[in-house]
Amino acid sequence: MLRLLAEDRPEPQRLLARLRDLGRQEEIPALSLALRVLAHVELPEQEAGRVWSDILGHRKTLARALGRDPGLRVAALDYLQNVERRLRSPKIIEMREFAETERCALTDHLTGLANRRAFRQGLQREILRCQRYGLILSVLLLDLDDFKAVNDACGHLFGDVVLERAGRLLRRTVRDSDLAARYGGEEFAVLLPETDRMGAYALGERIRRGLLVAFSEEPTAGREVRLTVSGGVASYPDDGVDPDTLVERADRALYVAKGGGKNRVALYWAERRSEVRYPALPGARLRLGAAGADRPAVAVNLSRGGILVEVGEPLRPAETVRVVIEGRRTVGTAACEMTGRVVRVERPSSPADPYRVGIAFDGRVPEERFLEEISRGPRTPLAAQGATR
């Protein structure tokens with residue numbers, strides 16, 4: 001938009017057409033925003049369109065009276081001050097300086113990331129795009145664990161160095177299409193267009209592990225700082241369809257991560273359970289009985305305390321089963337085995353549908369193994385086997 005307005009003598013109809021095209025493509029009130037950029041006048045989009053037409057007509061009138069084209073900015077200034085009298089005491093500013101002022105207003109000065117205002121604007125814009133084109137997006141909130149202790153022990157100036165380094169690591173991890181922001185204090189936010197919850201979780205895990213390794217292996221300004229980060233994820237439209245709801249639910253997931261011991265990422269989940277459940281991996285196999293007869297099944301969701309599977313034939317309530325999470329690199333090699341019992345059997349609504357069977361583990365899936373499974377997705381098969389005691 002700034003490039004369009006930097007041209008002082010644009011062809012009128014071409015200018016309006018390009019602004020309207022920009023508005024449709026970016027889902028923004030382009031005519032209103034362009035008027036605000038040019039003259040700091042705030043108008044609704046429809047009225048801004050009328051004013052733009054009047055300004056371009058006024059430019060022609062001035063050109064006939066002066067015998068020369070006064071240009072877009074002079075015509076706008078004269079029309080808004082002397083015709084409509086919307087401006088009382090306008091100030092002339094170089095467009096480059098204005099662009100730099102706008103950039104600074106949307107940038108966190110310490111980390112160089114977007115600030116809270118820019119993040120909220122970007123989230124609103126992306127939600128409108130999702131609504132128009134049927135797309136998805138996710139919000140990832142991140143909070144440095146125990147950052148107050150760093151400030152208390154080392155001082156706020158050193159704390160700023162830590163924040164700047166964390167922001168730099170975050171910026172290197174996200175995609176160009178993502179928007180990373182310092183949301184406030186030691187909290188960061190990432191807007192992830194066209195990304196589902198598990199894609200956002202995977203990114204959160206990369207950020208978490210990358211920050212943990214970076215701060216563990218290399219001093220910060222000559223000091224050893226063991227820093228970790230916790231994260232929470234919420235996705236459009238499943239978890240919310242407006243900015244406030246998505247941010248609030250990502251924050252609730254962050255609270256779950258903090259409450260679970262910190263240094264982890266959690267997904268928002270509407271169900272209230274002691275263990276947060278995550279969409280599980282496809283490709284499950286269920287084998288039951290001493291003979292080990294195969295019965296195909298699919299994992300629906302997974303937590304550290306249990307699993308929900310779909311199976312063609314029902315299991316008996318309280319039946320004991322062994323769940324095997326197979327190794328990633330060598331398919332078929334068991335890397336984690338959990339014993340549990342059937343706690344829920346849901347009958348299908350029609351003969352063609354599967355049974356849903358809930359299995360509660362006797363223990364909890366080891367944290368690192370569990371995080372690896374749900375963060376890297378469908379490359380790992382998962383099986384549940386009948387166990388004898």
Side-chain angles (χ1 to χ4, degrees), residues 196-198 201 232-235 237-240 249 252-253 255-257 259-261 264-326 334-389:
D196 63 14
R197 65 175 64 243
M198 296 313 295
Y201 181 90
V233 172
S235 298
D238 292 343
D239 301 328
R249 290 181 172 173
R252 284 165 66 177
Y255 180 81
V256 169
R264 64 196 65 206
V265 179
L267 301 176
Y268 173 79
W269 207 253
E271 299 179 12
R272 296 291 176 263
R273 290 185 168 94
S274 59
E275 298 283 355
V276 178
R277 294 199 174 192
Y278 298 85
L281 315 176
R285 290 179 298 123
L286 187 65
R287 296 197 298 264
L288 299 173
D294 285 348
R295 296 183 184 181
V298 174
V300 178
N301 60 49
L302 175 68
S303 76
R304 290 189 65 194
I307 187 171
L308 179 66
V309 299
E310 291 183 342
V311 61
E313 299 179 29
L315 282 73
R316 297 187 306 275
E319 181 175 354
T320 298
V321 293
R322 187 172 70 251
V323 177
V324 179
I325 300 177
E326 295 183 342
C336 178
E337 295 190 12
M338 298 298 298
T339 302
R341 60 189 176 84
V342 175
V343 294
R344 177 161 59 108
V345 179
E346 297 179 9
R347 294 186 175 277
S349 56
S350 70
D353 294 333
Y355 289 84
R356 284 198 165 195
V357 177
I359 301 168
F361 299 143
D362 294 334
R364 300 179 79 212
V365 178
E367 181 179 342
E368 287 304 315
R369 183 61 196 164
F370 177 70
L371 291 176
E372 182 183 6
E373 288 305 320
I374 63 175
S375 66
R376 296 194 181 182
R379 290 194 293 272
T380 304
L382 182 148
Q385 301 179 338
T388 57
R389 285 187 171 178

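Just so you know, these numbers use all the heavy atoms, side chains as well, and skip hydrogens, waters and symmetry mates. Source: prediction; values computed, not measured.
More than 12 heavy atoms of other residues, nucleotides or ligands lie within 6.0 Å of OH in Tyr355, so this atom counts as buried by the packing criterion.
Applying the side chain to side chain contact (heavy atoms under 4.5 Å, CB included) test to Ser349 and every residue at least two apart in sequence or in another chain returns Asp353. Considering only residues two or more places apart in sequence or on other chains, Arg356 meets the salt bridge (Lys or Arg N to Asp or Glu O under 4.0 Å) condition with Glu310. Here Asp238 pairs with nothing under the side-chain hydrogen bond (donor to acceptor under 3.5 Å, both in side chains) rule; sequence neighbours left out.
The nearest pair of heavy atoms linking Val233 to Val265 is CG2-CG1, 4.1 Å. Of all heavy-atom pairs between Pro348 and Pro354, the closest is CB-O, 3.4 Å. Minimum interatomic distance between Ala253 and Leu267 (heavy atoms only, all atoms of both residues): CB-C, 3.7 Å. Considering all non-hydrogen atoms of both residues, Gly240 and Arg249 come closest at N-NH1, 4.3 Å.
The OH atom of Tyr268 sits 12.0 Å away from atom OG of Ser235, with the distance rounded to the nearest 0.5 Å.
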